[in-house]
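Notes follow the structure.
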Amino acid sequence: MKKFFFIFFIISAFYIYLHYFISSFFSKFAYTKIFWNRFFLTLCLISILTLFLRRFLNGGLLEYLYILAFVWMGYVIIFSFLILLAKILTLFYPFEFKKVFIITCALSVFILFKSFYNIFKTPKVKEINIYSPYVSRNYKLVFISDIHLDFSFKNKLFSTITKKIEEISPDALIIGGDLFDPGFKLDEYVYRIKKVKFPVFFVFGNHEYYYGIYKSMEITHQLGFKVLDNSAMSLGDINIIGLCDIKTKYMEVETVKNIISKNYKKNAFNILVSHQPLYFKEVSEIYDILMLSGHTHCGQIFPFHLFTRIFYNYFCGEYKNKNSILFVSSGAGSWGPPLRFLSTAEILVINIVSDERN
């Protein structure tokens with residue numbers, strides 16, 4: 001808990017600083033620095049307040065307020081980055097500040113609307129083929145993660161994603177966690193997934209714990225998910241091992257290895273589903289696996305890409321070690337600000353092809 005409050009304090013302090021950074025940029029264009037400091041600090045405090053307010057009051061017009069607050073949070077990141085680029089550029093080229101200001105503001109607004117538009121697009125379908133001697137027939141699996149259902153419009157987006165997956169007609173769907181978030185409400189759009197004709201396997205991410213792990217368990221039961229909580233289930237020749245969220249449960253690498261050793265099948269195609277892309281190298285030195293993870297969102301909003309890479313060696317996409325493969329999904333939704341800038345949402349289709357030559 002102390003660690004959580006420390007991280008929250010650091011992030012909040014940085015977020016407040018960004019508002020002062022933007023304020024100094026505006027003060028060079030018009031009015032006084034005190035005026036802009038007060039203006040942007042007010043917006044800062046309101047947006048932070050909504051993080052707590054939405055836990056107690058939700059629905060109706062308040063939901064639109066919360067959406068605007070989250071959009072503002074993302075915009076601050078984008079705008080601050082563009083201001084930094086503008087400042088660096090003017091060090092080498094003495095452009096007129098008025099032109100720099102107008103171009104920076106216009107570009108930031110364009111990126112904001114483009115990033116917001118990206119959220120409403122159906123995630124792109126990415127397909128990979130894996131050949132294995134351990135399957136007697138071909139299998140088609142779909143993997144998604146990090147949808148973060150917290151607003152009603154996201155529930156509708158999830159229904160669209162479900163429809164897209166139904167069109168793919170997989171043998172199974174695997175959801176890699178962070179489906180629910182504080183603010184989530186079960187409705188007919190989410191219930192649609194209960195009607196699909198293929199099994200849905202699910203592992204918990206860190207946000208299921210934030211939402212409430214017992215509430216998350218109850219909802220997954222209502223939706224008919226096959227929950228993998230440090231356990232495994234079979235799908236024909238495929239053995240699917242699912243871990244609970246590693247960081248939230250403070251799981252060391254030896255704990256993860258022990259869980260895998262109890263559930264691993266030598267003469268089957270083994271899939272390890274872990275919300276966070278951790279311990280791949282250590283595990284793949286011992287076991288042949290396909291590991292599926294999410295959590296990183298591939299940065300979601302640039303320049304978060306740079307910070308995410310610092311904390312996660314396996315940032316986004318495909319990684320290999322020995323006979324094992326890790327795929328880190330960019331996610332099919334968004335967390336916090338409903339924006340995506342230089343990070344595309346995706347649905348991963350995995351074709352496991354029978355290869356008797358080996």
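Values below: every heavy atom of this structure, side chains too, minus hydrogens, waters and symmetry copies.
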Practice problem: May I ask you to check whether Y189 and F158 place their ring centers less than 6.0 Å from one another? | Solution: no
Quiz prompt | Heavy-atom side-chain contact between K164 and V125 under 4.5 Å | solution = yes
Quiz prompt | Separation between CD1 of I241 and OH of Y264, rounded to the nearest 0.5 Å | solution = 8.0 Å
Quiz item: Does the ring-ring contact (aromatic ring centres under 6.0 Å, His included) test come out yes or no for F302 and F81, once each step is laid out?
Solution: CA-CA 8 Å; F302 192 84; F81 177 69; 5.1 Å; yes
Self-check item: F280 vs L272 side-chain heavy atoms within contact, under 4.5 Å
Solution: no
Exercise. Enter the distance from F29:CZ to T104:OG1 here, rounded to the nearest 0.5 Å.
Key: 11.5 Å
Quiz item: Between N321 and E285, which heavy-atom pair has the shortest distance, and what is it?
Solution: ND2-OE2, 3.2 Å
Quiz prompt | Exam field: side chain S47 to backbone C44, donor-acceptor pair closer than 3.5 Å | solution = yes
Quiz item: Rounded to the nearest 0.5 Å, how far apart are NZ of K249 and OG1 of T255?
Solution: 12.0 Å
Quiz prompt | Whether D181 side chain and H148 backbone form a donor-acceptor pair below 3.5 Å | solution = no
Practice problem: Over 60° means perpendicular and under 30° means parallel, so classify the ring planes of Y211 and F184, tilted if in between. | Solution: perpendicular
Self-check item: Aromatic plane relationship, W36 with F26 - under 30° parallel, 30 to 60° tilted, over 60° perpendicular
Solution: tilted
Quiz item: Counting N and O atoms only, with roles assigned by atom type, does the side chain of T160 sit under 3.5 Å from a partner on the main chain of K156, one being a donor and the other an acceptor?
Solution: yes
Quiz item: In this structure, are over 12 heavy atoms from other groups packed under 6.0 Å from K262 atom NZ?
Solution: no
Practice problem: Check whether any side-chain N or O of S12 sits under 3.5 Å from a backbone N or O of F9 as a donor-acceptor pair, and report yes or no. | Solution: no
Quiz item: How about C316 and H305: do any of their side-chain heavy atoms sit closer than 4.5 Å?
Solution: no
Quiz item: Between D171 and K140, is there a donor-acceptor pair closer than 3.5 Å when you use the side chain of the first and the backbone of the second?
Solution: yes
Quiz item: Going through the distances and angles, do K257 and E254 end up as a salt bridge (Lys or Arg N to Asp or Glu O under 4.0 Å)?
Solution: CA-CA 5 Å; K257 287 180 181 178; E254 291 304 319; 3.6 Å; yes
Quiz prompt | Heavy-atom pair with the smallest gap, counting every atom of M291 and S274 | solution = CE-CB, 3.9 Å
Practice problem: To the nearest 0.5 Å, tell me how far F143 CZ sits from I175 CD1. | Solution: 9.5 Å
Quiz item: Pick from V203, V200, I219: which one makes a side chain to side chain contact (heavy atoms under 4.5 Å, CB included) with F225?
Solution: V200
Quiz item: Are F120 and F116 an aromatic pair by the rule of ring centers under 6.0 Å?
Solution: yes
Quiz item: Taking N239 for the side chain and N263 for the main chain, is one N or O donor matched with an acceptor at less than 3.5 Å?
Solution: yes
Quiz item: Less than 6.0 Å separating the ring centroids of H297 and W335?
Solution: no
Quiz item: Mind checking whether H275 and D146 have side chains closer than 4.5 Å, heavy atoms only?
Solution: yes
Exercise. Take F97 and F25 through the test ring-ring contact (aromatic ring centres under 6.0 Å, His included) and record every step on the way to the result.
Key: CA-CA 10 Å; F97 179 78; F25 185 67; 5.4 Å; yes
Self-check item: Trace of the side-chain hydrogen bond (donor to acceptor under 3.5 Å, both in side chains) decision for Y139 with D237
Solution: CA-CA 9 Å; Y139 289 84; D237 304 309; 3.2 Å; yes
Quiz item: Is there a donor-acceptor contact under 3.5 Å from the side chain of D187 to the main chain of V190?
Solution: yes
Quiz item: side-chain hydrogen bond (donor to acceptor under 3.5 Å, both in side chains) between S324 and Y287: does it pass, once the steps are laid out?
Solution: CA-CA 8 Å; S324 295; Y287 304 101; over 6 Å; no
Practice problem: State, yes or no, whether a side-chain contact exists between L278 and K247 at a heavy-atom distance under 4.5 Å. | Solution: yes
Quiz prompt | Heavy-atom pair with the smallest gap, counting every atom of A172 and F201 | solution = CB-CE1, 3.8 Å
Quiz item: Knowing that exactly one of H207, Q276, H295 qualifies, which makes a side chain to side chain donor-acceptor pair (under 3.5 Å) with D245?
Solution: Q276
Self-check item: Where P170 and I165 come nearest, the two heavy atoms and their spacing
Solution: CD-O, 3.3 Å
Self-check item: V135 backbone acceptor or donor facing S354 side chain under 3.5 Å
Solution: yes
Quiz item: How many angstroms lie between atom CD1 of I301 and atom CD1 of I77, to the nearest 0.5 angstrom?
Solution: 5.0 Å
Self-check item: Aromatic plane relationship, W72 with H19 - under 30° parallel, 30 to 60° tilted, over 60° perpendicular
Solution: tilted
Quiz item: Should the pair Y314 and Y319 be assigned to parallel (<30°), tilted (30 to 60°) or perpendicular (>60°) ring geometry?
Solution: perpendicular
Quiz item: Rounded to the nearest 0.5 Å, how far does CG of L342 lie from NZ of K114?
Solution: 9.5 Å
Quiz item: Is there side-chain contact between V71 and L112, with at least one heavy-atom pair below 4.5 Å?
Solution: yes
Quiz item: Does N206 reach the side chain of D178, with side-chain heavy atoms less than 4.5 Å apart?
Solution: yes
Quiz item: So, R192 and E188, do they make that salt bridge, N to O below 4.0 Å?
Solution: no
Exercise. Please confirm whether the backbone N or O of I144 pairs with a side-chain atom of S329, one donor and one acceptor, at under 3.5 Å?
Key: no
Exercise. With P277 as reference, evaluate Y312, F327, F315 under the side chain to side chain contact (heavy atoms under 4.5 Å, CB included) test and give the passing residue.
Key: Y312
Exercise. Go through the side-chain N and O atoms of K265 and S234 and say whether any donor and acceptor fall under 3.5 Å apart.
Key: yes
Quiz item: So do I350 and I174 actually touch side chain to side chain, heavy atoms under 4.5 Å?
Solution: no
Quiz item: Side chain of N351, backbone of V349: donor and acceptor closer than 3.5 Å?
Solution: no
